[in-house]
Chemist: 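The following block contains the structure, expressed as structure tokens.
Since we're looking at a predicted model, the values are computed, not measured. In listed order, ligands and their atoms are each counted from 1.
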Amino acid sequence: MKVGVPRERAPGERRVAVVPEAVGRLVKSGLAIAVEREAGMGAFFDDEAYRAAGAELVDADQALGAECVLKVRKPSPEEAQGLQEGGVLIATLQPLSNPDLIRALCAKRTTGFSMDAIPRVTRAQPMDSLSSQSNIAGYKAVLLAANSLPRFFPMLTTAAGTVTPARVLVLGAGVAGLQAIATARRLGAVVEAFDTRPVVKEQVESLGGRFLAIDLGEAGGEGAGGYAKELSDEAHRKEQELVAAHVKDADAVITTALVPGRRAPILVTADMVRSMKRGSVIVDLAAEMGGNCELTEPGRAVSKDGITIHGELDLPSTVAVHASQLYSRNVSSFLAHITKDGELKLDFEDEITKGTCITHEGKIVHGPTRAAMESA
Ligand code: NAD
């Protein structure tokens, strides 16, 4: 099977779906790899490295028109048009919020796999790009906060006086939140964190953070797949009270709270932003899903009442080398899962293949996507 790797064309996107290191392994497994010229440039992988690893260098049409296409981001409408009729696409489709794309893939009879739908089961861990990319976002969020904050992160004792450490509040302690806690601690900050899933308390503490505990009763805890549930109004109000009490003393707030298929919950209201010290920083990693802060503007950083609020959407892309390397391992592992001796071998009884497949033979085969499109 010929596998195409087009250059990512979304504005600001620097990652590439497959790095040269992975090409050799894919070729050895019997696949032919066609990489668009300059596809790796944004992440500093040049064409020569791909050629040396055994890839064929091709133009955009050939890469997009391959039997199987590997991408980081979802295809644009034009890119979807360029896909081969009845081919395979593996990318981050975000199927619950992209109905037009899903219809376009059905029209092309594309077998569309979404990397963000890979079930969070142990067997699928090497394929889990949500984790690999969230991990990077959590790390970079703290660096962004440290860079914007007009204060030190660590405590310093100097001849000119003592500097107290920055106070960092992390809301949502999943993959991104835990990495944010670890990174902020490494920089010397004092870290507090909250999550509606009480099971993460131990993980927060093992990283040196203080877990803020409140009893959300039935509303807290884990839902399907280990993800958070949407809170009841009463539980949401309780949480906002807790957040308000801690936000006002924080120098940096990193928010990462998400509930699958829903708008991100508002945890930091405009009033809470106003209660913060001038010069403080909020980095809202939930910006793409509407943001955890009421004043976040997705896609950019803004200053409100002396507080910098970061809503950038491309943090993993700013660490393009490692983000590409890790995504490449994720997508290669998934490709290995659905191929044998260089040919496609789909087993829809398998939980990983079934859970990740969104469209097949002109139909939506992914239950949650079908439900989201019907309810829309
Ligand atoms: P996510 O990105 O969906 O959400 C981020 C965090 O926000 C989660 O921890 C969630 O509990 C929290 N959250 C949601 N609503 C909130 C609110 N109102 N207030 C505060 N926090 C809120 O989550 P994720 O990082 O993708 O991780 C989801 C789950 O998957 C976790 O249990 C994680 O441990 C698990 N996981 C499992 C595997 C695996 O077994 N292969 C891999 C990665 C993650």
Side-chain angles (χ1 to χ4, degrees), residues 92 94 96-97 114-139 141 169-182 192-204 206-207 209 211-217 219-244 246-247 253-269 272 283-294 313 315-316 326 329-330 333-334 337 351-352 355-356 368:
T92 313
Q94 297 171 305
L96 300 184
S97 44
S114 192
M115 291 296 289
D116 54 347
I118 287 180
R120 266 24 211 292
V121 295
T122 308
R123 226 161 32 100
Q125 271 181 5
M127 311 170 199
D128 185 356
S129 65
L130 274 184
S131 288
S132 71
Q133 305 301 299
S134 295
N135 200 13
I136 295 172
Y139 160 81
L169 174 65
V170 176
L171 298 174
V175 179
L178 290 172
Q179 181 56 258
I181 295 167
E192 292 181 326
F194 177 70
D195 196 297
T196 51
R197 294 180 300 120
V199 292
V200 298
K201 177 176 187 282
E202 240 173 70
Q203 296 163 25
V204 169
S206 74
L207 293 169
F211 188 74
L212 305 173
I214 47 166
D215 184 9
L216 295 176
E222 295 194 340
Y227 287 102
K229 296 184 286 195
E230 194 168 35
L231 294 184
S232 63
D233 290 348
E234 171 62 14
H236 185 61
R237 194 190 47 72
K238 255 191 184 172
E239 179 180 8
Q240 282 195 337
E241 271 172 22
L242 172 84
V243 173
H246 291 265
V247 152
V253 180
I254 315 282
T255 68
T256 76
L258 290 173
V259 178
R262 299 266 186 276
R263 190 212 180 281
I266 298 270
L267 307 180
V268 183
T269 62
M272 291 186 211
V283 182
D284 192 343
L285 289 184
E288 192 158 8
M289 293 308 290
N292 291 140
C293 172
E294 200 176 350
L313 302 174
L315 294 192
L326 298 175
R329 284 186 198 154
N330 298 144
S333 302
F334 182 70
H337 186 73
E351 114 180 269
I352 299 174
T356 309

Chemist: Give me the nearest non-hydrogen protein atom to atom 12 (C) of ligand 1 as residue plus atom name, then the distance to 0.1 Å.
Modeler: Asp195 OD2, 3.2 Å
Chemist: Starting from atom 41 (N) of ligand 1, find the nearest protein heavy-atom neighbour and note its residue, name and distance.
Modeler: Gln125 CG, 3.1 Å
Chemist: Do any heavy atoms of Pro260 fall under 4.0 Å from ligand 1?
Modeler: no
Chemist: Can you tell me the protein heavy atom closest to atom 4 (O) of ligand 1 and the distance?
Modeler: Leu258 O, 3.5 Å
Chemist: Starting from the C-alpha separation in whole Å, work towards a yes-or-no answer on side chain to side chain contact (heavy atoms under 4.5 Å, CB included) for Lys229 and Arg197.
Modeler: CA-CA 9 Å; Lys229 296 184 286 195; Arg197 294 180 300 120; over 6 Å; no
Chemist: Strictly inside 4.0 angstrom of atom 35 (C) of ligand 1, do you find any protein heavy atom?
Modeler: no
Chemist: Salt bridge check, Arg237 against Glu241: does any charged N sit closer than 4.0 Å to a carboxylate O?
Modeler: yes
Chemist: Check ligand 1 against Leu267 and write out every atom of the ligand that is under 4.0 Å from a heavy-atom position of the residue.
Modeler: 18 (N), 19 (N)
Chemist: What protein heavy atom lies closest to atom 19 (N) of ligand 1? Include the residue and the distance to one decimal.
Modeler: Glu239 OE2, 2.6 Å
Chemist: How close does the nearest protein non-hydrogen atom get to atom 29 (C) of ligand 1, and which residue and atom is it?
Modeler: Gly226 O, 3.5 Å
Chemist: Determine, using heavy atoms of Thr256 and all atoms of ligand 1, whether some pair is separated by less than 4.0 Å.
Modeler: yes
Chemist: Starting from atom 22 (C) of ligand 1, locate the nearest protein heavy atom and write down its residue, its atom name and how far away it is, to 0.1 Å.
Modeler: Ala257 CB, 3.4 Å
Chemist: So which protein heavy atom does atom 15 (N) of ligand 1 come closest to, and at what separation?
Modeler: Val259 CG2, 3.7 Å
Chemist: Which protein heavy atom lies closest to atom 26 (O) of ligand 1, and at what distance to 0.1 Å?
Modeler: Arg120 NH1, 2.9 Å
